[in-house]
2 protein chains.
Amino acid sequence: MTSKAGIEQVLKEASMRVTQPRVAVLAAVTANPHADTETIISAVHEEHPHVSHQAVYDSLKLFTSLGVVRQIQPQGHIARYETRVGDNHHHVVCRSCGHLADVDCSVGAAPCLHASDDHGFQIDEAEVIYWGKCPDCQALNS
Amino acid sequence: MTSKAGIEQVLKEASMRVTQPRVAVLAAVTANPHADTETIISAVHEEHPHVSHQAVYDSLKLFTSLGVVRQIQPQGHIARYETRVGDNHHHVVCRSCGHLADVDCSVGAAPCLHASDDHGFQIDEAEVIYWGKCPDCQALNS
DNA sequence: CTACTTATTTTGAATGAGTCAAGATAAGAA
DNA sequence: TTCTTATCTTGACTCATTCAAAATAAGTAG
């Protein structure tokens, strides 16, 4: 569902006004999984050079709060975004280059969701980040 | 091992020069688990008002790189530090107030370490962050 | 114990992702 | 077509963190 119509549909269903900047931002996130804000801004500018960075930040924040996109922000890296939401998948991050990839959880649908002692917290999500070295960086060092 | 002698011992064993700022920073992190940098700076200043924030940042970075302290930085929050390292425990974070607590992993010694598809990454750590609402914030909303 | 080398620290400026605020614009309703 | 107000543009600003150069002090050699 990467068509413009499909994207407008998503916005409407989430009760958002369908504006050019929002359509462009959501299209950019869809077309560039795991892109950071600057990349998204650049992508948006290709077709809509006039869209402000602030509109992009606002849109991303709104999308995130409505669950339309997911924000990922590993330690020491800036925020990245993806449209794959609601399936509780996780990520691997390369310690060397920051490269990021999706990982389905191995243990059923809600992995690791049970903390041994939750300290009275109402837990609603378990976020898992795997740290390691990507194939490219492994090759460089050997 | 929160004594000054114990802390100096830790520094020496990690081949670090034993300097006043470093001793003060490590003592502060030990005494204030999960503290952010500003809190650590304040704590250090109580006994050593002259220590610069830069020295604190440098020390924390060095300690982290040597595995003497661990840095935690949940989405939307600034960095926090703790001296409990090497036991691969995880954290719960309150979505409302940012309160943070330790969680031992429920599934043995290296939980979730096996990604279903590692994309060729050499994975060395699985970081888990549980998100939810702390007891205090639950009480406020009910 | 004293001098020396250089890792650390201090000082003060700079960076940069992200936010704030006010006026201008345009999406959707009437 | 007009109107209301959510959204966008513009441009300044925040603040955790980093950079750089000169000053200091930890550990070493004499």
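Chain letters run A, B, ... following the sequence lines, proteins first, then strands; residues in each count from 1.
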key: Positions of residues 52-68 of chain B (non-hydrogen atom under 4.0 Å from DNA chain D), listed by number   = H53(B), Q54(B), Y57(B), K61(B)
remark   = Minimal heavy-atom distance between A79(A) and Q71(A), with the atoms involved, is CB-NE2, 3.4 Å
inquiry  = Tell me if a side-chain donor or acceptor on E8(A) pairs with a main-chain N or O of V23(A) at a distance below 3.5 Å.
reply    = no
message = What residues from residues 11-27 of chain B pass a heavy-atom cutoff of under 4.0 Å to DNA chain C?
response = R17(B), T19(B), P21(B), R22(B)
key: Segment of DNA chain D, first to last nucleotide, that comes within the 4.0 Å heavy-atom reach of chain A   = dA6(D) to dT10(D)
message = Closer than 3.5 angstrom, by distance alone: can the side chain of Q138(B) be matched with the main-chain N or O of G120(A) as a donor-acceptor pair?
response = yes
query = Any ion pair linking R80(A) and D102(A) (charged N to carboxylate O, less than 4.0 Å)?
reply = no
request  = Please give the angle, rounded to 10 degrees, between the axes at the start and the end of the helix from dC1(C)-dG30(D) to dA30(C)-dT1(D), where five pairs define each axis.
outcome  = 30°
key: Heavy-atom side-chain proximity of D118(A) to Y130(B) below 4.5 angstrom   = no
Residue-level proximity of residues 72-85 of chain A to DNA chain C when a heavy atom falls under 4.0 Å = Q73(A), I78(A), A79(A)
query = Any side-chain heavy atom of Y81(A) within less than 4.5 Å of one from L60(A)?
reply = yes
ask   = If you draw a 6.0 Å radius around CD in E38(B), do more than 12 non-hydrogen atoms from other residues or ligands fall strictly inside?
value = no
ask   = Is any side-chain heavy atom of V92(B) closer than 4.5 Å to a side-chain heavy atom of I123(A)?
value = yes
message = Test of understanding: with ring pair (Phe, Tyr, Trp, His ring centres under 6.0 Å), list the residues that count as partners of H91(B), not counting sequence neighbours.
response = H34(B), H89(B)
query = Is any side-chain N of the basic residue among R17(A) and D58(A) closer than 4.0 Å to the acidic one's carboxylate O?
reply = no
